[in-house]
Amino acid sequence: MGPTARVVDHIVAELAHAGVDRIFGVGGANIEDLYDAVHRSGGAIHGLVAKHEFAAATMADGYARVTGRMGVVAATSGGGAMNLVPGLAEAHASRVPVLALVGQPPTGLEGRGAFQDASGKAGTFDAREVFAPVSRFCATARTAESLVDLLPRAVAAARSQPRGPAVLLLPKDVQQAAAPATVPGRYPATADPIDVDALERAVAALRAADRTLIIAGEGVAAEDARAELAALARRLGAWVAVTPDAKDVYDNRDSRFVGVAGVMGHPSVMDCLRRADVCLLAGTRLPMLARGGLDDALAGTRVISVDPEPPFVPAVAVRGPVRPALHAIADRLGTGARRCPEHAGPVPLPAPPARGRGTSYAEAVAAVAEALPEDAHVFIDAGNAAATAIHLLPAPRHGRFVVAVGMGGMGYAFGAGIGAALGSGRRTYVLAGDGAFFMHGMEVHTAVEYDAPVTFVVFNNNAHAMCVTREQLFYGDTYTYNMFRPAYLAAGMGAAFPTLDVTRAGNAAQLRRALLRSNCRRGPAFVSLDFDVREIPPFLPFLAALGLDGADRATESKETSDEHQHIHVG
């Protein structure tokens with residue numbers, strides 16, 4: 001790179017050298033120089049503009065989850081920067097490698113009343129203190145020379161175990177400064193070595209066990225350790241369950257598969273856990289959503305954890321990267337394969353009594369399952385419909401099945417699905433309720449702009465239905481703050497975007513036909529289907545409140561600390 005290149009040119013060239021091909025973001029005065037450098041890169045990196053910085057962050061997140069590469073998001077100062085926080089918080093909690101490039105006012109104006117000053121000077125707040133808790137690395141580039149040092153450190157931090165966001169705060173004058181002459185850098189990711197002593201203790205316990213249950217999590221997908229997981233399951237003769245955010249890490253149709261663990265999962269997981277001598281956690285710390293209802297059984301079972309971070313339950317913790325650790329365990333167990341004990345399979349939770357007419361969640365999810373391509377990606381948003389999809393929709397054999405349970409922010413799937421589709425080129429399904437749509441559904445416009453192969457499926461019950469259900473079950477059904485006036489989403493999308501393939505499906509059969517049609521298209525499609533707000537999803541706290549069999553009474557609480565104690569997931 002020549003000595004006249006700017007710092008922003010250096011950033012773009014280095015990111016391209018590191019394998020980045022897209023930057024998602026929203027423009028503004030204090031980040032515009034970066035977009036100029038993207039333009040001048042000659043296509044080495046493509047710039048994509050979202051409608052909101054949260055969505056831009058989730059686009060980078062979704063891109064990273066399906067491609068295995070680091071996602072990059074760019075935003076300007078002030079409100080634009082602050083809008084990144086919830087998206088980065090999800091990436092931090094879910095351990096997704098994302099680099100955030102955040103513009104700042106010029107250094108010479110810090111503490112002097114600059115617009116959107118976040119330097120921490122003269123009574124302004126300090127952006128570093130805002131971003132530090134939701135990042136693995138956060139720093140301000142004060143000079144061109146410091147940026148040359150900070151950029152590889154930020155990239156390495158995002159990629160290293162445990163993965164997560166890194167944030168670089170870039171004052172405008174530093175972005176515009178001449179970059180020092182450099183050669184392309186190296187960005188080595190690091191991971192703590194495997195704890196060999198814990199590994200040997202884990203192998204001894206697994207070798208002695210007659211029955212083993214593996215609960216696999218998102219860490220298996222993040223390290224592409226599916227083959228290692230499958231090999232270990234064969235050698236152990238193990239049952240395999242998955243966490244709600246990791247349905248795709250193990251073949252849902254395999255004879256060893258026993259279902260999803262936790263509050264949106266299957267009673268068959270509890271049955272196998274009670275019968276198991278050892279429970280092996282692979283790539284999951286087993287947070288509350290994934291262990292809801294299982295605590296008592298876990299307390300009576302020997303637990304082994306394979307993960308870069310310690311689990312949330314007592315266990316023999318084999319700390320280190322998941323893929324080599326699973327391979328090392330399987331290698332020490334030998335080449336033989338054990339027979340998997342009989343089990344009932346992923347037994348669905350009992351269906352609550354019908355409370356209305358029309359299409360049910362289960363019927364709609366069945367239609368999605370019939371239309372879903374085997375190589376598609378699926379992104380599930382928060383809400384009642386999500387619980388049904390997690391419970392009943394098999395993961396595609398060759399695609400991701402992503403649920404953002406780190407922070408559980410509504411609207412995540414719209415941006416993340418777009419980022420995944422653009423990063424992989426594959427048809428991507430986004431399943432969301434109307435509440436999530438009203439938060440960030442106008443990112444449909446971004447999908448239209450970039451001709452992204454995304455099919456948006458919106459389950460419309462004109463409510464924040466999970467909140468309505470909670471009001472009904474836990475607060476006497478005497479009021480609601482969460483019902484909406486009727487909205488005709490398909491009509492609105494069709495009027496706004498004439499080139500968008502839009503369907504208002506009247507039933508599951510029409511939904512299936514619309515989805516099959518979208519599979520044959522190049523660009524985006526939008527389908528909405530109306531539901532009764534009173535339908536209860538397969539969610540253990542709700543089923544427990546109804547007194548249905550298969551629900552553990554310890555799972556009745558979701559969000560507050562005074563509801564029956566024990567479980568708080570939300």
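- Proximity of E223 to R163: side-chain heavy atoms (C-beta onward) are separated by under 4.5 Å at one or more points.
- Side-chain contact, E449 with T446: no donor N or O sits under 3.5 Å from an acceptor N or O.
- Remark: the S268 side chain and the H343 side chain contain no N/O donor-acceptor pair separated by less than 3.5 Å.
- In terms of modelled atom types and a separation under 3.5 Å, the side chain of N507 and the main chain of Q510 share a donor-acceptor contact.
- Applying the side chain to side chain contact (heavy atoms under 4.5 Å, CB included) criterion to R95, with sequence neighbours excluded, gives R136, P162, R285, D307, P308, E309.
- For an aromatic pair to be called close, the ring centres must be under 6.0 Å apart, and Y412 with F414 fails this.
- In this structure, a donor-acceptor pair under 3.5 Å is present between the side chains of N461 and Y361.
- T503 and R517 are linked by a side-chain donor-acceptor pair at a separation below 3.5 angstrom, with hydrogens and angles left out of the test.
- Scored by the side chain to side chain contact (heavy atoms under 4.5 Å, CB included) test, V468 finds A463, E471, Q472, T480, N482, M483, V533 as partners (sequence neighbours excluded).
- If you look at H391 and F539, their ring centroids are not closer than 6.0 Å.
- Within the 4.5 Å cutoff, side-chain heavy atoms of D61 are placed close to those of E90.
- Residues passing the side chain to side chain contact (heavy atoms under 4.5 Å, CB included) test with D36 are R6, R40, sequence neighbours excluded.
- Between F456 and Y429 the shortest side-chain heavy-atom distance does not fall below 4.5 Å.
- S518 pairs with exactly one of T455, V457, V527 by the side-chain contact (heavy atoms from CB on, under 4.5 Å) rule, that one being T455.
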